[in-house]
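Numbering of ligands and ligand atoms starts at 1, following listing order. Values below: every heavy atom of this structure, side chains too, minus hydrogens, waters and symmetry copies. On a predicted model such as this, the values are computed, not experimentally measured, just so you know.
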Amino acid sequence: MNFTGANILSVDQFERTDIETIFTVADSMQPYALRQKVTRVLEGAILGNMFFEPSTRTRVSFGCAFNLLGGEVRETTGFQSSAIAKGESLYDTARVLSGYSDVICMRHPAEGSVAEFAEASRVPVINGGDGANEHPSQALLDLYTIQKELRDRGRSLDGLRIAMIGDLKYGRTVHSLIRLLCLFDKLHVVLVSPEELAMPEMYVEPLRQAGHTVTVSSDLANSIGGVDIVYSTRIQEERFASKEEADIYRGRFRLNQAIYTQYCEPNTVIMHPLPRDSRSDANELDNDLNQNPNLAIFRQADNGLLVRMALFALILDVADQVDHYSRPVTWYHRRGV
Ligand code: NCD
């Protein structure tokens, strides 16, 4: 694909070579993310960060990624602080705000809303999550993380064995990830959820059609034995009719160190898009996993910065100028792992 000026709305727009391009640029962002160098390549550029649903990682990492490239960030969070609360349409909001920014990231509770916004926008738009539909930048950072973690274990994306666990019906991160994985060969995918929260057929069918192995289960312990990656997700409470309905499923699939030791192969990588629900009635990834070196959730979140910097650099066509506008960092910076 041609990245220059492109919207990033769905993982369906990527081919394998596009993924390689994004990951190569993401790798080159490491010295900036580690605060070894700074670059001013996007000096003067403005990111409009518009988040109409709660967000910590996605909102802040998009913002920081833009800052790390030297650009400025303007934020709108929640409907109440935007003119949408006064009845303004997405079309009008997009026409106006795209006059103030060079690129816009948007998260919205309605499926398809970010694509609708992008149609009216005069600048590129990145989908930061539209309802239960898609979360393309998360899928990219997940895939980047999977590739990195597997490389250290002598395995690759082709032949990947992955268990996706939790709310597979409403989880947009797993919807985007499973579609992205279709670009690779010989996958073994295990889908673990309550029956009512199963992965919709529209995502499973293409995998089967392409000859990958798909297993569906509602039993955690017996599903995590033969996989490279355990990808846990949160019950998407905000997509249910009531909190009580979500409560029925909360806490069904808890992974802790004892279960990991008993059922997982050694060195199975544990991932989660975060936030993990750490309330006692959920506790999907127990805190006793925090010392497990295979818990990759914070490396995964760190990788979000690299992948989002890469997307900005490619969309705004500065990927080959980043180093030209760089200098070493002069301040003290302590960054543990
Ligand atoms: C996810 C999301 O918003 O879809 N969070 C994120 O962006 N990392 C997952 C979630 O909220 O459960």
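The ligand atoms of ligand 1 that sit less than 4.0 angstrom from a heavy atom of Thr58 are 6 (C), 7 (O). Set against the non-hydrogen atoms of Gln138, the atoms of ligand 1 under 4.0 Å away are 6 (C), 7 (O), 8 (N).
For atom 4 (O) of ligand 1, the closest heavy atom belonging to the protein is Arg172 NE, 2.7 Å. Of all protein heavy atoms, the one closest to atom 5 (N) of ligand 1 is Leu274 O, 3.0 Å. Looking at atom 11 (O) of ligand 1, its nearest protein heavy atom turns out to be Arg234 NH2, 2.9 Å.
Using a 30° and 60° split on the angle between ring planes, Tyr249 and Phe240 fall in the tilted class, from 30° to 60°. Using cut-offs of 30° and 60° on the angle between ring planes, the pair Phe62 and Phe51 is tilted.
Note: no N/O pair closer than 3.5 Å links Thr173 and ligand 1 by distance alone. For Pro275, no nitrogen or oxygen atom sits less than 3.5 Å from a nitrogen or oxygen atom of ligand 1, counting backbone and side chain alike. Considering backbone and side-chain atoms alike, Gln236 places an N or O below 3.5 Å from some N or O of ligand 1.
Under a 4.0 Å heavy-atom criterion, Gly129 is not in contact with ligand 1. Under a 4.0 Å heavy-atom criterion, Glu53 is not in contact with ligand 1.
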Trace of the salt bridge (charged side-chain N to carboxylate O under 4.0 Å, His left out) decision for Arg16 with Asp158: CA-CA 12 Å; Arg16 230 171 131 145; Asp158 292 315; 2.8 Å; yes

Residues Glu265, Arg161; criterion salt bridge (charged side-chain N to carboxylate O under 4.0 Å, His left out); working and verdict: CA-CA 12 Å; Glu265 288 177 0; Arg161 304 169 302 160; 3.0 Å; yes

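By the 4.0 Å N-to-carboxylate-O rule, Lys169 lies too far from Glu195 to be salt-bridged with it.
A donor atom on one side chain and an acceptor atom on the other are found under 3.5 Å apart for Glu75 and Asn49. Neither side chain, Asp130 nor Ser113, offers a donor N or O lying under 3.5 Å from an acceptor on the other.
In His135, the part holding a heavy atom less than 4.0 Å from any atom of ligand 1 is the side chain.
Proximity of the aromatic rings of His272 and Phe298 is defined here by a centroid distance below 6.0 angstrom, and this criterion is not met.
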